[in-house]
Number of protein chains: 2
Amino acid sequence: MLLKKTQYALYALLNLARNYKKGPVLISIIAEEEKLPKKFLEAILADLKTQGLVNSKKGKGGGYYLIVPPEKIDIASIIRSFDGALGLLPCATINYYESCSQCKDENKCALRSVLRELRDQTDHFLKNISLLDLIEKEKSLEMIESRRS
Amino acid sequence: MLLKKTQYALYALLNLARNYKKGPVLISIIAEEEKLPKKFLEAILADLKTQGLVNSKKGKGGGYYLIVPPEKIDIASIIRSFDGALGLLPCATINYYESCSQCKDENKCALRSVLRELRDQTDHFLKNISLLDLIEKEKSLEMIESRRS
DNA sequence: ATAAAGTCTATTTGCTAAGTAGGGTAATGA
DNA sequence: TCATTACCCTACTTAGCAAATAGACTTTAT
């Protein structure tokens, strides 16, 4: 399961992506629109700024805004930066690798071998979804739903 | 990431699977062979017994043994029983579904839609790996490694 | 009987997620 | 300039839970 923080970060980024190149968005607006706890959101946006995905402007007319194009931000990297590894075991990850104290020889560990495969599959899946993809998906879901009524 | 408990359970089950129909195995033997903390392992085996995967025999010559054929036990179900959901968000799971307080309309949530797809993919992958598969994989990995020397 | 082996209940330790509080500081525009 | 707006920063709280340990108890084979 993802951390709340990760989930909130994704919602916040989606909001900013929808307003890409439309000027800064207030923290309070994002918090309200996405129903996120404001103070918590502040911390998340600060992280995203450190990561170089967003920037902020102080004073009247200020707020946060995306500085990387939505099609260049993929979900895998966002999840990784907040939640950490995608793999299910430390010995089955790439970026967060840690050897496993149980195994005599990791290269003979069937569990690791299989979970590595899964990790690669998951990584591949998430790496190929950008914020822009999500926004477009939103629109098409909207269409489908409205056609129902 | 999986809980230690889940990882240990998988190792313990693999050990029992290797000894399927060869009589009970002592907790201490499993603990030693798989390098697992004995007391913790006790609790895990008790859980597995409740789940109906293993049985135990008390007294001299006792121990634990698998009562379901290794090819009938898949990793997805083991992971689920210890770790819980496979999906990354409560709203993107099947067995542990919980609605998400952020969304006005879940059916229009692009994130959920995408994470559901991932969940299905993960589930499919793990459901098709049995303890027997892992044991066979072990053997083939063993072969590959020994050929290296 | 008695040693072997699983069973049960309780407790510990420490970490971390999730969120809160509140004052500080910087930028803006009137 | 100066008040306001809005982000920035440090600290704290609360609760839950993972991971493991301790020790006494019960059952069974010989």
Side-chain angles (χ1 to χ4, degrees), chain A residues 1-12 16 23-32 34-51 53-67 79 81-85 88-90 96 98 100-102, chain B residues 1-12 15-16 23-32 34-51 53-67 79 81-85 88-90 98 100-102:
Chain A
M1 287 278 177
L2 298 183
L3 302 178
K4 284 289 180 194
K5 196 168 184 178
T6 312
Q7 189 187 352
Y8 293 172
L10 286 165
Y11 285 136
L16 294 179
V25 185
L26 292 185
I27 294 185
S28 348
I29 295 295
I30 303 176
E32 195 190 336
E34 308 295 335
K35 296 186 200 157
L36 308 178
K38 194 184 159 195
K39 274 293 185 183
F40 199 14
L41 177 59
E42 271 186 30
I44 292 165
L45 288 167
D47 285 351
L48 291 170
K49 190 176 177 183
T50 308
Q51 289 172 40
L53 295 180
V54 306
N55 208 345
S56 60
K57 219 179 139 185
K58 286 184 178 176
K60 202 169 190 179
Y64 276 90
Y65 53 97
L66 210 57
I67 51 174
I79 291 183
S81 70
F82 285 97
D83 246 273
L88 292 183
L89 286 183
Y96 297 82
E98 225 172 293
C100 156
S101 54
Q102 268 73 40
Chain B
M1 288 277 176
L2 298 182
L3 302 178
K4 283 288 179 194
K5 196 168 184 178
T6 312
Q7 189 186 353
Y8 294 173
L10 286 165
Y11 286 136
N15 192 294
L16 293 179
V25 185
L26 293 185
I27 294 184
S28 350
I29 296 295
I30 303 176
E32 196 189 336
E34 309 294 336
K35 296 187 201 157
L36 308 177
K38 193 184 159 196
K39 274 294 184 181
F40 198 16
L41 177 59
E42 273 184 27
I44 291 165
L45 288 167
D47 284 351
L48 290 171
K49 189 177 178 183
T50 309
Q51 290 172 40
L53 294 180
V54 306
N55 208 346
S56 61
K57 222 179 135 183
K58 285 184 180 178
K60 201 171 190 176
Y64 276 90
Y65 53 97
L66 211 57
I67 51 174
I79 291 183
S81 69
F82 285 95
D83 246 273
L88 292 183
L89 287 183
E98 225 172 294
C100 157
S101 54
Q102 268 73 40

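Sequence lines set the chain letters: A, B, ... in the order given, protein chains first and strands last, and positions in each chain run from 1. These figures come from a predicted structure and were not determined experimentally. We use all heavy atoms of the structure for the numbers below, so side chains are in, but hydrogens, waters and symmetry mates are not.
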- request: Would you indicate whether the side-chain heavy atoms of F82(A) and Q7(A) approach each other to under 4.5 Å?
  value: no
- prompt: What distance do K38(B) atom NZ and L26(B) atom CG have between them, rounded to the nearest 0.5 Å?
  reply: 8.5 Å
Gap between atom CG of D83(B) and atom NZ of K4(B) - 0.5 Å precision: 12.0 Å
task: Choose from dA21(C), dT28(D), dC8(C) the nucleotide whose nearest atom is closest to any side-chain atom of K39(B).
output: dC8(C)
- prompt: K60(B) has an atom NZ; how far is it from atom P of dA1(C), in whole Å?
  reply: 17 Å
message: Can you measure N55(A) atom CG to dA6(D) atom C1' for me and round it to whole angstrom units?
response: 14 Å
- prompt: Charged N to carboxylate O below 4.0 Å: is that the case for D47(B) and K5(B)?
  reply: yes
field: Euclidean distance, atom CD1 of residue I44(B) to atom P of dT7(C) [Å, nearest integer]
entry: 14 Å
query: Which residue, T6(A) or G61(A), contacts DNA chain C at a nucleotide closer to its 5' end, judged by nearest heavy atom?
result: T6(A)
- request: Measure from the side-chain heavy atoms of E42(A) and tell me the nearest of dC8(D), dA20(D), dA4(C).
  value: dC8(D)
Nucleotide nearest I27(B) (side chain, heavy atoms from C-beta), chosen from dA20(D), dG6(C), dC7(D): dG6(C)
- prompt: OP1, OP2 of dC8(D) versus side-chain N and O of K49(A): anything below 4.0 Å?
  reply: yes
- line: Of dA20(D), dT7(C), dA17(C), the nucleotide closest to the side chain of F40(B) is dA20(D)
task: Could you please name the option among dG6(C), dC8(D), dA6(D) that lies closest to any side-chain atom of L26(B)?
output: dG6(C)
Audit row: S101(B), K35(A), side-chain hydrogen bond (donor to acceptor under 3.5 Å, both in side chains) steps and yes/no: CA-CA 8 Å; S101(B) 54; K35(A) 296 186 200 157; over 6 Å; no
field: Rounded distance (Å) that lies between atom C1' of dA18(D) and atom CG of D47(B)
entry: 14 Å
- request: Side chain of K4(A) only, please: which of dA26(C), dC8(C), dG19(C) is the nearest?
  value: dG19(C)
message: Can you measure K57(B) atom NZ to dA4(C) atom P for me and round it to whole angstrom units?
response: 17 Å
- request: Please state how far atom NZ in K58(A) lies from atom P in dC9(D), giving the value in whole angstrom units.
  value: 7 Å
task: Determine: side-chain N/O of S56(B) to OP1/OP2 of dT7(C), distance under 4.0 Å, yes or no.
output: yes
task: Write down the distance between CD1 (I29(A)) and P (dC7(D)), rounded to a whole number of angstrom.
output: 10 Å
- request: May I ask you to verify if any side-chain N or O of Y8(B) is less than 4.0 angstrom from the OP1 or OP2 atom of dA20(D)?
  value: yes
- prompt: OP1 or OP2 of dA6(D) sitting under 4.0 Å from any side-chain N/O of Y64(A)?
  reply: no
task: Mind calculating the distance between CG (L3(A)) and P (dC15(C)) to the nearest angstrom?
output: 18 Å
